[in-house]
Colleague: 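Supplied in structure tokens, the structure appears directly below.
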Amino acid sequence: MMRGELVGLRALEPSDAEALWRWNHDPEVMRWMDDGHPQSLARTLASLQERPRNSYGDVLLGVEASEDGRLIGLVRLRDAEPETGCAELDVYLGEKEYWGRGFATDALRRVCRYGFEDMRLHKISLTVVVENHAARRVYDKVGFVEEGRLRSVFRRDGRWYDQYTMGLLEGELR
Ligand SMILES: CC(C)(COP(=O)(O)OP(=O)(O)OC[C@H]1O[C@@H](n2cnc3c(N)ncnc32)[C@H](O)[C@@H]1OP(=O)(O)O)[C@@H](O)C(=O)NCCC(=O)NCCS
């Protein structure tokens, strides 16, 4: 377990499948995220059971609220390459009653610290839909810098949206 100030980060268990399945079918949670095709609970469970172990190129962690030990979301550092020291970051909190209390900010700070200090990454990047103001605020708080705007790359409800690309270099984490 990696401890932040408000959250702990831990590997996922098959018993987390129901929560993941519920979050992935919640339109409010998935509003600005690529939700793919609907999957059954059985398929979600199987994908957790069959998932290869966490490794340098793919670290998927559950976010637990320290106050009650409840699993509230996920963070993922993926596509890390030792040659470049670059990786991509994803985050979401599926338990909506925990939104707005600093949990995502704390989870991001902790996983980025892990990336820079333990994995010796040089840079962590992400994309965020321009209209996703809460996520953008979290990334700004942690120190991510806007690097560009990708036009018309995210489709939702029959409309195309732009995304920002953002990056955080080692030493920029706040
Ligand atoms: C986006 C998300 C990760 C934020 O998590 P969170 O725990 O609520 O974030 P925090 O509480 O740490 O910080 C949220 C910040 O955004 C601000 N905020 C919230 N809604 C906002 C809005 N509509 N416009 C501008 N800022 C907003 C909050 O005030 C807070 O900033 P502050 O600390 O300066 O007051 C969470 O809401 C979520 O998982 N949403 C669904 C999935 C998603 O969009 N993931 C990101 C994909 S790129």
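Residues: numbered from 1 along the sequence shown.
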Colleague: Could you pull out the closest heavy-atom pair between Leu121 and Ala80, with the gap in Å?
Modeller: CD2-CB, 4.1 Å
Colleague: Under 3.5 Å, is there a donor-acceptor pair between the side chain of Arg43 and the main chain of Pro38?
Modeller: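 Flag not set: sc Arg43 to bb Pro38 has no pair under 3.5 Å.
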Colleague: Hydrophobic clustering (ILVMFWY, side-chain heavy atoms < 4.5 Å, transitive) - are Met119 and Leu169 grouped together?
Modeller: no
Colleague: To check you understand the geometry: which heavy-atom pair defines the closest contact between Leu9 and Ala107, and what is its length?
Modeller: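 Here Leu9 and Ala107 meet closest at CD1-O, 4.0 Å.
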Colleague: Would you say His122 and Thr84 make side-chain contact, with heavy atoms under 4.5 Å?
Modeller: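 SC-SC contact between His122 and Thr84 ruled out.
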Colleague: Decide yes or no for Leu20 and Leu74: does some side-chain heavy atom of the first lie under 4.5 Å from some side-chain heavy atom of the second?
Modeller: yes
Colleague: Are more than 12 heavy atoms from other residues, nucleotides or ligands located less than 6.0 Å from atom CD of Glu5?
Modeller: no
Colleague: If you group Ile, Leu, Val, Met, Phe, Trp and Tyr by side-chain heavy-atom gaps below 4.5 Å, do Trp99 and Leu108 land in one group?
Modeller: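 Yes, one cluster joins them.
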Colleague: Begin from the C-alpha positions of Asp35 and Asn24 and carry the test side-chain contact (heavy atoms from CB on, under 4.5 Å) through to its verdict.
Modeller: CA-CA 7 Å; Asp35 50 2; Asn24 290 343; over 6 Å; no
Colleague: Answer yes or no: is there a side-chain heavy-atom contact under 4.5 Å between Leu89 and Leu168?
Modeller: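 Side-chain contact under 4.5 Å: no.
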Colleague: Between Arg10 (side chain) and Leu61 (backbone), is there a donor-acceptor pair under 3.5 Å?
Modeller: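 Between the backbone of Leu61 and the side chain of Arg10 there is no qualifying donor-acceptor contact (under 3.5 Å).
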Colleague: If you define the side chain from C-beta out and look only at heavy atoms, does anything of Gln49 sit under 4.5 Å from Ser47?
Modeller: no
Colleague: Can you name the closest pair of heavy atoms from Leu77 and Gly115 and give their distance?
Modeller: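 For Leu77 and Gly115, the tightest heavy-atom pair comes out as CD1-CA, 3.9 Å.
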Colleague: Should Arg136 and Glu146 count as an ion pair when the cut-off is N to O under 4.0 Å?
Modeller: yes
Colleague: To the nearest 0.5 Å, what is the distance between CZ (Arg156) and CE (Met30)?
Modeller: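 If I round to the nearest 0.5 Å, the distance is 7.5 Å.
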Colleague: Who else is in Val129's hydrophobic cluster (ILVMFWY, side-chain heavy atoms under 4.5 Å, direct or via others)?
Modeller: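 Traced through the cluster, Val129 reaches Trp32, Phe154, Tyr161.
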Colleague: To the nearest 0.5 Å, how far apart are CG in Asp157 and CZ in Arg155?
Modeller: 9.5 Å
Colleague: Search all heavy atoms of Leu6 against all heavy atoms of Asp106 and return the closest pair with its distance.
Modeller: N-OD2, 2.6 Å
Colleague: Looking at residues at least two apart in the chain, or sitting in another chain, which of them share a side-chain contact (heavy atoms from CB on, under 4.5 Å) with Glu95?
Modeller: Arg22, Trp23, Arg70, Ile72, Glu97, Tyr98
Colleague: Is any NZ, NE, NH1 or NH2 atom of the basic residue among Arg101 and Glu67 found under 4.0 Å from an Asp or Glu carboxylate oxygen of the other?
Modeller: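 Salt bridge flag = yes for Glu67 with Arg101.
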Colleague: Please examine the side chains of Val142 and Arg174, heavy atoms only from C-beta on, and report whether any two atoms are closer than 4.5 Å.
Modeller: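 No, too far: nothing below the 4.5 Å cut-off.
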Colleague: Give, for atom CZ of Arg3 and atom OG of Ser66, the distance between the pair rounded to the nearest 0.5 Å.
Modeller: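 Arg3 CZ to Ser66 OG: 4.5 Å, rounded to 0.5 Å.
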Colleague: Quick one, Val63 with Leu71, criterion side-chain contact (heavy atoms from CB on, under 4.5 Å). Give me CA distance, side-chain angles, the key distance, then yes/no.
Modeller: CA-CA 6 Å; Val63 178; Leu71 183 75; 5.7 Å; no
Colleague: Could you walk me through whether Arg51 and Asp58 pass salt bridge (charged side-chain N to carboxylate O under 4.0 Å, His left out), step by step?
Modeller: CA-CA 11 Å; Arg51 215 189 114 72; Asp58 190 8; 3.3 Å; yes
Colleague: So how far is it from Tyr114 OH to Ile124 CD1, rounded to the nearest 0.5 Å?
Modeller: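 Rounded to the nearest 0.5 Å, the OH-CD1 separation comes to 11.5 Å.
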Colleague: Can you list the residues that meet the side chain to side chain donor-acceptor pair (under 3.5 Å) rule with Lys141, with sequence neighbours excluded?
Modeller: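 In terms of side chain to side chain donor-acceptor pair (under 3.5 Å), with neighbours along the sequence ignored, Lys141 is linked to Thr105.
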Colleague: Under the 3.5 angstrom rule, does the side chain of Asp162 hit a backbone N or O of Val130 as a donor-acceptor pair?
Modeller: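 Pair absent, no side-chain N/O of Asp162 close to backbone of Val130.
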Colleague: Please report the shortest heavy-atom distance between Ser55 and Val59, naming the atom on each side.
Modeller: O-CG2, 3.3 Å
Colleague: Mind running side-chain contact (heavy atoms from CB on, under 4.5 Å) on Glu172 and Glu170 for me, showing each step along the way?
Modeller: CA-CA 6 Å; Glu172 291 181 337; Glu170 55 182 324; over 6 Å; no
Colleague: Is it true that the side chains of Tyr139 and Asn132 contain a donor and an acceptor less than 3.5 Å apart?
Modeller: no
Colleague: Roughly how far apart are Asp90 CG and Thr127 OG1, rounded to 0.5 Å?
Modeller: 7.5 Å
Colleague: For the pair Glu64 and Met1, evaluate side-chain contact (heavy atoms from CB on, under 4.5 Å) and give the outcome as yes or no after the intermediate values.
Modeller: CA-CA 10 Å; Glu64 267 188 18; Met1 175 76 85; 3.3 Å; yes
Colleague: Could you tell me which non-hydrogen atom of Leu93 sits nearest to which non-hydrogen atom of Ala104, and how far apart they are?
Modeller: CD1-N, 3.9 Å
Colleague: Could you grab the distance from atom OG of Ser152 to atom CZ of Arg159, nearest 0.5 Å is fine?
Modeller: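 So the gap between those two atoms works out to 9.0 Å.
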